[in-house]
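Input: a single structure, listed below in structure tokens.
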Amino acid sequence: METQMSNNEKFLAAKAAANDAVLLHVLKETKPQHLCAKILAIYTSRKGITQKMLGREIEFVHASSAWGNKPLRPGETALVFLSEISGRLYEDSWNGHLLVEDIEGEQYASYRFPQLWLSENLPVSLRAYTREDPQRPQCSAIRLPELAEYIKKELG
């Protein structure tokens, strides 16, 4: 979730290049900065996530809460960028997740960038599915099925 986007970089490309993208539901905090979550969907699997993990519980180290990062909490669902380092899964250190919430009956991922639909970095395929996040005016909401398809096809 980069808050600034370069004009020549594909949307979310840096996150996808260094991490796997998964949809998960956080179940509990197992110890400080460690979360247990159930994997609901796997969008990419090159950096430590395997297809066998689908539907299973995993433990990962969440990003710190420094510099405005807001850690995930039990009960939240999110698209999370994870990578394996020395046998452990880690959330990308800077804005490594997009909260997923229901907006008017559909699932949306919240991306920390206002009016994202006006950015030339956002692919045309996602513009029609992007809107203001009603809970967070500093964020844009992207409909999850289209975002997942983009990640799998364009960045996977």
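In this text the structure is predicted, and so the values were computed from the model without any measurement.
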- request: Establish, from distance only, whether the side-chain atoms of Glu29 and His34 form a donor-acceptor pair under 3.5 Å.
  value: no
query: Restricting to pairs with a member in residues 140-156, which pass side chain to side chain donor-acceptor pair (under 3.5 Å), not counting sequence neighbours?
result: Lys10-Glu154, Glu106-Arg143, Arg143-Glu146, Glu149-Lys153
Residue pairs passing the side chain to side chain donor-acceptor pair (under 3.5 Å) test where at least one lies in residues 123-133, sequence neighbours excluded: Glu104-Arg131, Ser110-Asp133, Asp133-Arg136
Distance-minimising heavy-atom pair for [X] and [Y]:
| X | Y | answer |
| --- | --- | --- |
| Pro134 | Ile103 | CD-CD1, 3.6 Å |
| Pro71 | Ala63 | CB-O, 4.2 Å |
| Asn19 | Thr44 | O-OG1, 3.9 Å |
| Phe11 | Leu155 | O-CD1, 3.5 Å |

Residue of the set Val22, Leu23, Ile39 for which side-chain contact (heavy atoms from CB on, under 4.5 Å) holds with Leu54: Ile39
Check: Asp92 side chain, Lys15 main-chain N or O, donor-acceptor pair, under 3.5 Å: no
Path from [X] to [Y] over hydrophobic side-chain contacts below 4.5 Å:
| X | Y | value |
| --- | --- | --- |
| Ile49 | Leu27 | no |
| Val26 | Ile58 | yes |
| Leu99 | Tyr108 | no |
| Leu40 | Leu79 | yes |
| Leu122 | Phe113 | yes |

Nearest-0.5 Å distance that lies between atom [atom1] in [X] and atom [atom2] in [Y]:
| X | Y | atom1 | atom2 | result |
| --- | --- | --- | --- | --- |
| Glu91 | Phe81 | CD | CZ | 10.0 Å |
| Tyr43 | Ile151 | OH | CD1 | 7.0 Å |
| His62 | Tyr90 | NE2 | OH | 12.5 Å |
| Leu72 | His25 | CG | NE2 | 11.0 Å |
| Cys139 | Arg112 | SG | CZ | 6.5 Å |

Beyond-backbone contact of [X] with [Y], side-chain heavy atoms, under 4.5 angstrom:
| X | Y | answer |
| --- | --- | --- |
| Leu24 | Lys38 | no |
| Glu59 | Lys31 | yes |
| Thr30 | Leu35 | no |
| Ile42 | Gln51 | yes |

- prompt: Is it true that Lys47 and Asp20 make a salt bridge, defined as a side-chain N closer than 4.0 Å to a carboxylate O?
  reply: no
message: Are there over 12 heavy-atom neighbours, none belonging to Arg46, within less than 6.0 Å of that residue's CZ?
response: yes
message: What verdict does the side chain to side chain contact (heavy atoms under 4.5 Å, CB included) test give for Leu147 and Leu12, after you've listed the backbone C-alpha separation in whole Å, the side-chain angles of each residue and the deciding distance to 0.1 Å?
response: CA-CA 10 Å; Leu147 179 57; Leu12 294 177; 4.0 Å; yes
